[in-house]
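Structure record follows, encoded as structure tokens.
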4 protein chains.
Amino acid sequence: MSRTVGSFGPKTLETIRKAGLRLIFEHGYEAMSLRQLAAEVGIRPSSLYNYMHTKQDLLFSLIEMHMQELLDQVDAALTGVVEPAERLAAFVAFHVRYHMVRKSEVSVVNFELRSLDVEHYATVVEMRKRYESRLSDIIEDGIKQGAFAPLDVSVATFAILAMLTGVCSWYRPDGRLSEAEIIDAHIGMALRSLGASIIAR
Amino acid sequence: MSRTVGSFGPKTLETIRKAGLRLIFEHGYEAMSLRQLAAEVGIRPSSLYNYMHTKQDLLFSLIEMHMQELLDQVDAALTGVVEPAERLAAFVAFHVRYHMVRKSEVSVVNFELRSLDVEHYATVVEMRKRYESRLSDIIEDGIKQGAFAPLDVSVATFAILAMLTGVCSWYRPDGRLSEAEIIDAHIGMALRSLGASIIAR
Amino acid sequence: MSRTVGSFGPKTLETIRKAGLRLIFEHGYEAMSLRQLAAEVGIRPSSLYNYMHTKQDLLFSLIEMHMQELLDQVDAALTGVVEPAERLAAFVAFHVRYHMVRKSEVSVVNFELRSLDVEHYATVVEMRKRYESRLSDIIEDGIKQGAFAPLDVSVATFAILAMLTGVCSWYRPDGRLSEAEIIDAHIGMALRSLGASIIAR
Amino acid sequence: MSRTVGSFGPKTLETIRKAGLRLIFEHGYEAMSLRQLAAEVGIRPSSLYNYMHTKQDLLFSLIEMHMQELLDQVDAALTGVVEPAERLAAFVAFHVRYHMVRKSEVSVVNFELRSLDVEHYATVVEMRKRYESRLSDIIEDGIKQGAFAPLDVSVATFAILAMLTGVCSWYRPDGRLSEAEIIDAHIGMALRSLGASIIAR
DNA sequence: TATGAATGAGGCTTCATTCAT
DNA sequence: AATGAATGAAGCCTCATTCAT
């Protein structure tokens with residue numbers, strides 16, 4: 001409810017995106033009204049249209065922006081890591097940390113896809129597939145190289161992604177465990193689930 | 001003025017629930033309109049109120065009914081199974097199968113909680129905690145008995161639940177793998193992730 | 001809210017009328033719903049139609065019945081009283097007492113006329129005129145006989161009626177003054193307002 | 001899509017208030033629909049909400065505004081008048097004239113109080129009490145000074161107010177009597193009812 | 001006599017959006 | 001860049017009423 005009064009010109013777009021993300025995260029896209037959003041930003045509803053085309057476009061741009069960031073960052077996180085088990089650990093560490101730190105963004109991306117219209121939906125699903133392939137490639141390589149047990153790559157990919165992503169539905173910064181402990185626990189479970197011997201880190 | 005042919009009294013409630021569940025699954029609770037629902041059922045919007053109090057009550061009753069069924073069935077599935085690894089396998093088998101077969105129900109339960117008002121929300125969260133405790137009890141016992149590696153029960157519970165539940169976001173009855181194959185794959189991953197030796201089944 | 005459970009057959013009509021009167025008094029005719037009424041009576045809305053034709057008819061029958069009673073009783077109260085001042089006092093005493101004791105009925109009659117459709121409205125207005133003529137006749141006679149000051153009969157009639165009727169908007173049985181005290185006060189004011197010398201009673 | 005000709009911004013609020021007052025006067029608050037009101041104003045129902053928060057708020061603001069005007073004007077009318085009988089005459093003259101000229105406003109204030117929600121109701125009742133005290137103060141002073149007969153102040157206040165207010169339920173500008181005649185008649189009756197000797201004016 | 005089920009009409013209100021200023 | 005005013009569409013829900021059982 002904290003109205004950001006006095007945000008002029010160039011900063012306003014950023015304010016709208018931040019408030020929009022939070023409101024969608026809290027109430028859902030359908031349940032968030034542009035009245036609410038405008039009130040949070042400290043402008044009138046009609047003024048929003050100086051910064052966006054439609055409500056739907058706002059949602060899409062938020063989702064796309066964060067999918068792109070996810071893709072960029074995962075590649076950075078994997079750069080220079082070669083061994084399958086190491087790469088898996090790196091992926092897990094990155095994914096879990098990202099899902100703890102960027103909880104809202106990630107939740108919006110995951111929950112509000114169905115509110116996208118067909119074309120926007122297709123675009124995002126394609127990006128998601130690209131992201132998933134980062135993990136499935138690691139698993140496939142690991143199996144080929146004998147580092148992981150011979151299991152169905154597809155199922156394993158979905159299962160591990162779901163396991164890791166789950167963290168954003170319960171993690172709280174002031175919780176009992178530290179970020180590092182949570183990440184390590186997930187690395188352990190992911191590696192073991194693939195039949196890998198735990199690596200020293 | 002006369003009764004519309006094709007929808008008789010006693011069956012109508014069931015029709016409403018089925019259609020409501022499907023529409024909420026497809027569009028989300030906020031996005032589903034009672035006009036839509038009534039049209040699907042073949043009655044007028046105002047007639048819905050002969051079967052429900054409010055839209056919110058419809059959502060709650062759907063969610064509660066399916067949470068109760070989940071609780072009843074998990075207990076039945078675990079009855080008579082004693083060894084931790086066996087119990088875990090039984091839980092995984094039940095949970096995954098339920099989430100493949102009852103995909104819509106389960107998705108609605110998981111995604112639409114935020115649309116419940118405070119009291120209804122509290123009721124359902126309590127039921128969900130009861131369900132989660134079935135798994136965490138198994139993991140806790142397994143660790144105590146040395147069947148599983150010594151890991152954080154809470155994290156492990158959430159991680160495995162998320163992994164298993166994920167199946168309902170991609171499973172399709174006409175997919176490449178059979179139900180049994182998918183279930184076995186998840187049993188394997190879950191057991192390994194806990195550091196259990198794979199059991200013979 | 002006290003549901004009168006178990007009112008069978010012949011008594012039900014009376015129960016409906018009583019509850020209807022009270023509800024219209026409390027909420028107004030437009031604001032009272034037949035759902036409410038049925039609930040108070042302990043039957044289903046559709047069952048009301050075994051006892052009345054429409055909601056409008058219920059209102060009319062209540063109003064008409066009580067107008068008729070008012071007419072009957074005022075004539076009884078004036079029977080045998082001859083002197084204008086005495087007749088005025090008798091009228092005032094009757095009118096004020098009736099408006100204290102039958103507060104709800106009288107308020108409904110006075111406030112809900114506008115909710116009657118044209119024909120019903122005309123009927124009731126005619127009855128009301130008949131009632132008013134009881135007072136205006138007394139005033140007219142009193143002026144002719146020199147018992148009252150020479151003033152406009154019409155204005156005096158309306159003014160005194162309004163004054164007396166006002167009692168039902170503030171009287172409470174547990175109030176500071178007794179019925180008799182209130183009645184006497186009004187007799188005094190009415191007589192004086194017409195320039196009559198106060199009579200001994 | 002373009003602006004409907006014939007109703008410009010700044011005047012619309014006033015138009016809404018006037019039409020709203022008239023419709024509530026004619027049909028009652030509950031019976032007046034916002035569709036009706038919008039149609040009278042020449043805008044669409046949803047446009048009403050650019051000028052009011054809710055239907056209830058419209059009612060309250062109309063009532064409050066007119067109660068405030070009544071309070072302001074009565075004080076002006078009594079300014080500089082000192083003798084109790086003179087003050088009473090001034091009060092009667094003001095009240096009757098106001099109730100003849102502002103018939104609709106006054107009727108809405110008197111009849112629609114019950115449609116106000118609790119808080120709004122309390123506010124208005126308090127204002128009404130303040131208004132009534134103008135009259136009761138006059139009566140009380142008159143009795144103390146021996147200008148009026150010793151009677152119950154409360155009853156006399158209610159009785160005279162009711163008598164005077166009654167005028168708005170029958171007065172018609174094209175009636176037999178002039179405003180002045182009606183006012184004089186009421187002054188006479190009010191003074192006499194309190195046992196005052198008629199003053200020369 | 002009672003009622004479950006159905007309904008057309010309509011209740012108030014919110015919505016995203018447009019456009020002239 | 002901002003907004004007041006307007007709007008069509010639609011939201012959930014209540015209403016009085018009907019009628020077959």
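Residue numbers begin at 1 in each chain, while the letters A, B, ... track the order of the sequences. Excluded from the calculations below are hydrogen atoms, water molecules and symmetry mates; all remaining heavy atoms, backbone and side chain alike, are included. Treat the numbers as computed from the prediction; the structure is a model and nothing was measured.
- In this structure, B:Gln56 contributes its side chain and B:Ser115 its backbone to a donor-acceptor pair below 3.5 Å.
- The side chain of C:Leu34 sits closest to F:dA16 out of F:dA16, F:dC13, E:dT3.
- With a 6.0 Å radius and a threshold of 12 heavy atoms from other residues, nucleotides or ligands, C:Glu126 has its CD atom above the threshold.
- A donor-acceptor contact under 3.5 Å is not formed by the side chain of D:Ser33 with the base of E:dG10.
- When heavy atoms are screened at a 4.0 angstrom cut-off, D:Met52 is found touching no nucleic acid atom at all.
- Within 4.0 Å (heavy atoms only), A:Ser47 reaches at least one base atom of the nucleic acid.
- Computed from coordinates, the B:Leu13 CG to E:dA5 P distance equals 9 Å when rounded to whole Å.
- Side chain of A:Thr12, nearest nucleotide from F:dA2, F:dT17, E:dG8: F:dA2.
- If you measure from atom CD1 of B:Ile16 to atom P of E:dA5, you get 10 Å, rounded to the nearest angstrom.
- Nearest to the side chain of A:Arg35, among E:dT1, E:dT13, E:dT14, sits E:dT14.
- Searching all strands for a Watson-Crick or G-U wobble partner of F:dA1 with both distances below 3.5 Å returns nothing.
- Annotation: of the two residues near DNA chain E, D:Pro45 and A:Tyr29, the 5′-most nearest-nucleotide partner is D:Pro45.
- Atom pair B:Glu30:CD and F:dC12:C1' shows a separation of 12 Å (rounding to whole Å applied).
- A straight line from CG of A:Leu23 to P of E:dC15 spans 12 Å, rounded to a whole angstrom.
- Here the shortest heavy-atom pairing between A:Cys168 and A:Ser107 reads SG-OG, 4.0 Å.
- A straight line from CG of C:Leu37 to P of E:dT3 spans 13 Å, rounded to a whole angstrom.
- Which of F:dA2, E:dT3, F:dC13 sits closest to the side chain of C:Arg44 comes down to E:dT3.
- In this pair, B:Phe111 and A:Phe111 present their aromatic rings tilted. The plane angle is within the 30 to 60° band.
- The side chain of B:Ile43 approaches E:dT7 more closely than any other nucleotide in the set E:dG11, F:dG11, E:dT7.
- Protein atom CD of C:Gln56 is 18 Å distant from nucleotide atom P of F:dC15, rounded to whole Å.
- Each of C:His53 and B:Tyr49 was assigned the nucleotide of DNA chain F with the nearest heavy atom; the assignment lying further toward the 5' end belongs to B:Tyr49.
- Summarising the base pairing, E:dT14 is matched to F:dA9 through a Watson-Crick or G-U wobble pair whose two defining distances lie under 3.5 Å.
- Summarising the geometry, the separation between NZ on C:Lys55 and P on F:dT18 is reported as 14 Å, rounded to the nearest angstrom.
- Which of F:dA6, F:dA16, E:dT17 sits closest to the side chain of D:Asn50 comes down to F:dA6.
- Mapping D:Thr54 and B:Leu48 onto DNA chain E by nearest heavy atom places B:Leu48 closer to the 5' end of the strand.
- When rounded to the nearest whole Å, the span between NZ of B:Lys11 and P of E:dA5 equals 14 Å.
- Using a 4.0 Å cut-off between charged side-chain N and carboxylate O, D:Glu30 and C:Arg114 make no salt bridge.
- Judged by the 6.0 Å and 45° rule, A:Lys55 forms a cation-pi pair with A:Tyr29.
- In the set E:dA9, F:dA2, E:dA5, F:dA2 carries the atom at the smallest distance from any side-chain atom of A:Tyr51.
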